[in-house]
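The structure under discussion appears below in the form of structure tokens.
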There are 2 protein chains.
Amino acid sequence: MTKKIKIEKDTSTEAKIKDAARKVFMQKGFAAARTRDIAEESGINLALLNYYFRSKEKLFHEVMSEKIQQFFGVLFPIINNSSTKLETKIDLIVANYIDMLSENPDLPLFVLNEMKGKRGQINKTLPIEKITKNVSLVQQLQKRRPDINPVHFLMNILGMTVFPFIARPAFGAIGILNKSDFETVIEERRKLIPVWIKAALKAK
Amino acid sequence: MTKKIKIEKDTSTEAKIKDAARKVFMQKGFAAARTRDIAEESGINLALLNYYFRSKEKLFHEVMSEKIQQFFGVLFPIINNSSTKLETKIDLIVANYIDMLSENPDLPLFVLNEMKGKRGQINKTLPIEKITKNVSLVQQLQKRRPDINPVHFLMNILGMTVFPFIARPAFGAIGILNKSDFETVIEERRKLIPVWIKAALKAK
DNA sequence: AAATGATTTAATCAAATGATTAAATTTTAA
DNA sequence: TTAAAATTTAATCATTTGATTAAATCATTT
């Protein structure tokens with residue numbers, strides 16, 4: 001049993017495996033993804049994968065860390081910036097999520113799905129930033145609408161912005177959206193969602 | 001190879017297997033669910049499962065049919081009812097989804113996730129009702145806001161209503177929602193979402 | 001060039017898993 | 001009550017799948 005500890009460097013092979021892992025895991029999820037799929041996708045031998053990453057779980061964990069940061073990374077810099085006003089934050093959250101999700105449409109379903117199954121593990125393993133009362137956005141929302149829990153507006157912004165990407169296959173099946181329409185609709189939403197959110201902020 | 005065609009009747013054993021299948025598939029998804037899990041959960045022998053349902057796929061398909069109908073079944077009776085006005089439809093969609101999802105919080109993630117992976121199969125196998133231009137809700141939306149694609153409002157209503165259930169673990173991890181808060185927030189949304197949607201309808 | 005260490009491969013293992021079979025038991029019908 | 005059919009079980013297959021191993025090849029250093 002020769003155990004050689006590999007110090008991670010950005011070698012070509014290791015990167016190829018990780019690229020393939022990203023693709024396969026994102027497409028199929030952890031359970032349905034086979035290490036052989038990943039090996040084939042990256043054009044390397046199956047043993048290499050275990051040589052570099054020790055196990056499917058470890059490889060998955062690395063991908064998952066990236067993806068969680070990618071998903072939440074959009075949000076935190078914006079909501080923590082105390083030098084922008086509420087309206088600007090709304091515009092930025094929507095615009096940045098639409099930009100990012102247009103490039104990674106599978107991301108939200110992947111992240112939210114895997115977070116559900118392994119709630120115990122992931123929340124402890126991955127250091128996820130927390131939203132507290134003194135986050136700038138929360139304070140601004142509380143000041144604007146002291147009568148409404150700020151979490152509602154977060155749910156609204158994310159719901160309106162992220163949900164279409166999650167439900168895209170459903171919207172397709174239901175007959176409302178063919179492939180090219182989707183992109184058009186999403187681009188329209190970039191301007192519309194902030195308008196609606198601001199209207200909701202005023203609504204009594 | 002003795003093939004006995006079983007005519008489905010609501011026997012106790014068959015129902016027990018299906019109950020267990022619902023539970024396990026919903027909790028783990030198709031790929032991560034093992035037929036042994038289902039057998040154990042239903043208190044029967046593994047062979048029984050194959051005796052009654054022939055295969056994991058067949059059993060899954062039956063559960064999936066149910067769940068798709070459960071998920072979309074809330075929507076169609078409401079949006080097709082041409083004797084209710086727009087505002088009523090909004091209230092009903094939100095209220096009925098919140099009722100249903102409070103009892104089945106895992107449903108949306110399950111359905112949307114499985115619809116994505118097997119888009120080809122499911123959309124052809126399961127007869128999903130289609131939303132067309134002459135659906136009552138669509139006509140009402142088009143009349144009220146001819147400048148906006150009706151699909152936007154559908155995305156908004158469902159996004160605001162369904163997304164919180166999909167993202168619940170994420171909201172937990174992010175530190176904004178402990179278990180009991182969630183139910184409180186959802187109940188608040190029952191009244192708030194219609195207010196916000198109606199405000200958005202008027203927003204220019 | 002030789003030696004050492006890193007990388008890659010083919011072959012194989014062991015466990016997990018979907019499915020089947022043959023026999024036993026229970027239920028139903030005559 | 002008995003014969004036939006339906007139900008249930010234990011045991012077993014065959015395949016899939018994550019992982020390992022031992023050997024081969026390649027790269028780097030001396």
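Letters A, B, ... mirror the listed sequences (proteins, then strands); counts begin at 1. Not measured: the values here are computed from a predicted model.
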(request) Decide, yes or no, whether a salt bridge links B:Arg22 with B:Asp19 under the criterion of side-chain N to carboxylate O below 4.0 Å. (result) yes

(message) Whole angstroms only, please: what is the NZ-C1' distance between A:Lys56 and D:dA19?
(response) 12 Å

(request) Please assess A:Phe153 against A:Ile90 for the test side chain to side chain contact (heavy atoms under 4.5 Å, CB included), listing each intermediate value before the final yes or no. (result) CA-CA 10 Å; A:Phe153 293 104; A:Ile90 294 169; over 6 Å; no

(request) Check the side chains of A:Lys89 and A:Gln140 for a donor-acceptor pair under 3.5 angstrom, ignoring hydrogens and angles. (result) yes

(message) For the CD atom on A:Glu187, are there more than 12 heavy atoms of other groups (residues, nucleotides or ligands in this structure) within a distance under 6.0 Å?
(response) yes

(request) Please determine, for D:dA23, whether a Watson-Crick or G-U wobble partner exists with both distances under 3.5 Å, and give it or none. (result) C:dT8

(message) Rounding to an integer number of Å, can you tell me how far A:Ile17 CD1 sits from D:dG18 P?
(response) 15 Å

(message) Under a 3.5 Å threshold, yes or no: a donor from one side chain and an acceptor from the other, between A:Asn149 and B:Arg189?
(response) no

(message) Tell me the interatomic distance from B:Ile38, atom CD1, to C:dG18, atom C1', rounded to whole angstroms.
(response) 11 Å

(message) Can you see whether B:Phe30 has B:Lys56 sitting over its ring - NZ or CZ less than 6.0 Å from the centre and within 45° of the normal?
(response) yes

(request) Quick one: look up who D:dT30 pairs with, Watson-Crick or G-U, both distances under 3.5 Å, and put none if it's unpaired. (result) C:dA1

(request) Indicate, with a heavy-atom threshold strictly under 4.0 Å, whether B:Ala39 touches base, sugar-phosphate, or nothing. (result) nothing

(message) Categorize B:Ala33 for me: base, sugar-phosphate, or nothing, with a 4.0 angstrom heavy-atom threshold over every strand shown.
(response) sugar-phosphate

(request) Check the distance between C:dG18's C1' and B:Leu49's CG and give it to me in whole angstrom. (result) 10 Å

(request) Indicate yes or no: does A:Glu87 engage A:Lys198 in a salt bridge with an N to O separation below 4.0 Å. (result) no

(request) Measure the distance from NZ on B:Lys28 to P on C:dA16 and round it to the nearest whole Å. (result) 13 Å

Under 3.5 Å, which N/O atoms of the protein pair with N/O atoms of nucleotides 8-12 of chain D?
| from | atom 1 | to | atom 2 | distance (Å) |
| --- | --- | --- | --- | --- |
| D:dT8 | OP1 | B:Thr13 | OG1 | 2.9 |
| D:dT8 | OP2 | B:Thr13 | OG1 | 3.0 |
| D:dT8 | OP2 | B:Tyr52 | OH | 3.0 |
| D:dT9 | OP2 | B:Asn45 | N | 3.3 |
| D:dA10 | OP2 | B:Asn45 | ND2 | 3.4 |

(request) Examine C:dG18: is either OP1 or OP2 under 4.0 Å from a nitrogen or oxygen in the side chain of B:Thr35? Give yes or no. (result) yes

(request) Using heavy atoms to find the nearest nucleotide of DNA chain C for B:Asn50 and B:Arg34 separately, return the residue whose nucleotide is more 5′. (result) B:Arg34

